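Predicted model only: the values in this text are computed from it and were never measured. Sequence positions, counted from 1, serve as the residue numbers for this chain.
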Amino acid sequence: MIRADAETNWRVDGVSGNNGKPVSYLRISVTDLCNFRCFYCRPAEGVEKIPHSEILRFEEIALTVRAAAGLGIRSFRVTGGEPLVRRGIVDLLRQLAAVPGVEDLALTTNGVLLAGMAGRLRGAGVGRLNVSLDSLRPERFSSITRGGNLSAALSGLEEALAEDFGEIKLNTVVLRGVNDDEIFELVEFAGRLNLCLRFIETMPMGGGRGPDWFVSLREIKRMLGSRWNLELVDRRGGCGPAEYWRTPEGVTVGFIAPISSCFCSSCNRLRLTADGMIRPCLASDREFDLKRVIRSGGGVGEIAEVLRRAISAKPASHGFGEGFVSRRRMVSIGG
Ligand code: SAM
Ligand code: SF4
């Protein structure tokens, strides 16, 4: 159990960042590789690959999760790059699910490799899935992802729906002039599958000419509100940055709007990058070198100390909107 320490600003009953919110969630990027090159996430020419030796090994990730669970962190999400391209991912997920204290293991994926894998992921202990889906039009989907196949992604989603995941959500990044005319179709599609759909604002994560694509989710909410009488839903379990509304047909629509409505006061998370850095805030390039600590022989106690320092460094509010553009791209942080 963590003891109170007057020198730090974290709390005994869950470790808190400078917004006073206990950190209860760790996002783990397991690879910087991806089978898509979504234009808002990766440049056309690709990104310089992180050398294999610099990517955290499974046992290093599992040790980090053990340390985080010891601090009271209960929710973990595996992401990437595309997490399903990492060889042995099912074994890693099984290891993580078995760590004492891990209550919630989730995965974010572009969905394409779910076909043929969904059952094994569920069997390994993944309880929740987020599937990214920016368009329902094959050509547009292919253009956004630079070559991705919509029907393969939808087959993956269909296979996941046949498994008993506790929750599956769809995530759509709204891009001006690209897919902002599809928001109604996407909500209706989610409704037909009985899924929650979340719209996300583009963030300046080094993806090129981002501001041109930016659409404020206030605008999207207004557009949806012109068709539906949206009713505010309680924040799910009070965790995470999304605000949820429901259409009269019962479709839950989430809005993740880091730019137009700063959600830092509800931020409950840390991020572990594929190359072993802990990033306290998406909108700050400040990182803590966890891999160095692990590879110089650090165990659970030393890792927990790095996590505590990172939590103490979580800012009260973010730097988006102050001209911040991340040095790292989203593909190497994990969203
Ligand atoms: N490859 C997986 C996927 O696409 O779901 C997992 C990693 S991806 C980086 C995680 C999420 O980040 C996706 O929903 C993606 O749309 C979102 N994302 C990527 N770049 C973004 C950006 N610049 N702004 C907002 N969201 C972004
Ligand atoms: Fe790959 Fe996901 Fe980034 Fe698209 S958003 S390039 S699928 S990591």
Side-chain angles (χ1 to χ4, degrees), residues 14 21-31 56 58 61-86 88-133 153-172 190 193-198 200 233-242 244 251-254 256 266-272 274 334-335:
K21 178 105 182 154
V23 170
S24 55
Y25 178 48
L26 178 66
R27 292 180 69 98
I28 303 166
S29 172
V30 294
T31 180
L56 281 194
F58 285 0
I61 297 173
L63 199 60
T64 304
V65 166
R66 206 164 302 143
L71 288 180
I73 294 178
R74 295 286 170 258
S75 287
F76 297 83
R77 176 173 297 277
V78 169
T79 173
E82 174 48 45
L84 300 186
V85 304
R86 178 137 184 199
I89 185 70
V90 177
D91 293 333
L92 172 67
L93 290 161
R94 190 173 296 109
Q95 276 183 49
L96 301 187
V99 172
V102 172
E103 289 174 1
D104 172 33
L105 184 61
L107 181 87
T108 298
T109 171
N110 60 34
V112 161
L113 295 176
L114 279 175
M117 269 183 111
R120 284 185 291 137
L121 295 170
R122 183 68 194 105
V126 175
R128 298 188 301 126
L129 279 186
N130 283 357
V131 180
S132 302
L133 183 67
L154 294 182
S155 301
L157 178 61
E158 199 180 332
E159 195 165 313
L161 285 166
E163 301 296 329
D164 68 334
F165 285 100
E167 180 181 72
I168 301 180
K169 289 193 206 126
L170 299 176
N171 281 345
T172 299
L193 299 180
N194 203 17
L195 298 179
C196 165
L197 169 73
R198 295 161 352 140
I200 305 176
V233 182
D234 280 349
R235 276 168 183 269
R236 304 208 156 162
C239 65
Y244 292 95
V251 188
T252 304
V253 183
I256 303 179
S266 60
C267 182
N268 62 345
R269 60 205 54 204
L270 281 183
R271 291 177 167 82
L272 173 63

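The two residues Ser29 and Gly80 come nearest to each other via the heavy atoms OG-CA, 3.5 Å. When every heavy atom of Leu105 is checked against every heavy atom of Leu93, the shortest pair comes out as CD2-O, 3.4 Å. Across Ala190 and Leu170, no two heavy atoms sit closer than the pair CB-CD1, 4.2 Å. Between Leu26 and Ile73, the shortest heavy-atom contact is N-CG2, 3.9 Å. Across every non-hydrogen atom of Phe76 and Ala69, the tightest pair is CZ-N, 4.1 Å. Leu96 approaches Val102 most closely through the heavy-atom pair O-CG2, 3.5 Å.
Remark: the backbone N or O of Leu133 is paired with a side-chain donor or acceptor of Thr172 at under 3.5 angstrom.
Applying side chain to side chain contact (heavy atoms under 4.5 Å, CB included) to Asn171 and the options Asn110, Asn130, Leu197 leaves one that passes, Asn130. Of the residues Arg198, Arg77, Arg128, the one that meets the salt bridge (Lys or Arg N to Asp or Glu O under 4.0 Å) test with Glu167 is Arg128.
The closest side-chain heavy-atom distance from Ile28 to Leu56 is not below 4.5 Å.
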Please tabulate, for the side chains in residues 157-166, all donor-acceptor contacts under 3.5 angstrom to protein atoms that are two or more places apart in sequence or on a different chain.
{"residue": "Glu159", "atom": "OE1", "partner": "Gly116", "partner atom": "N", "Å": "3.0"}
{"residue": "Glu159", "atom": "OE2", "partner": "Gly116", "partner atom": "N", "Å": "2.7"}
{"residue": "Asp164", "atom": "OD1", "partner": "Arg122", "partner atom": "NE", "Å": "3.1"}

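Side-chain atoms of Thr31 and Glu82 include no donor-acceptor pair closer than 3.5 Å.
How far OG1 of Thr109 is from CG of Leu114: 4.5 Å, rounded to the nearest 0.5 Å.
Enclosure of atom CG in Asp91 by more than 12 non-hydrogen atoms of other residues, nucleotides or ligands within 6.0 angstrom is indicated.
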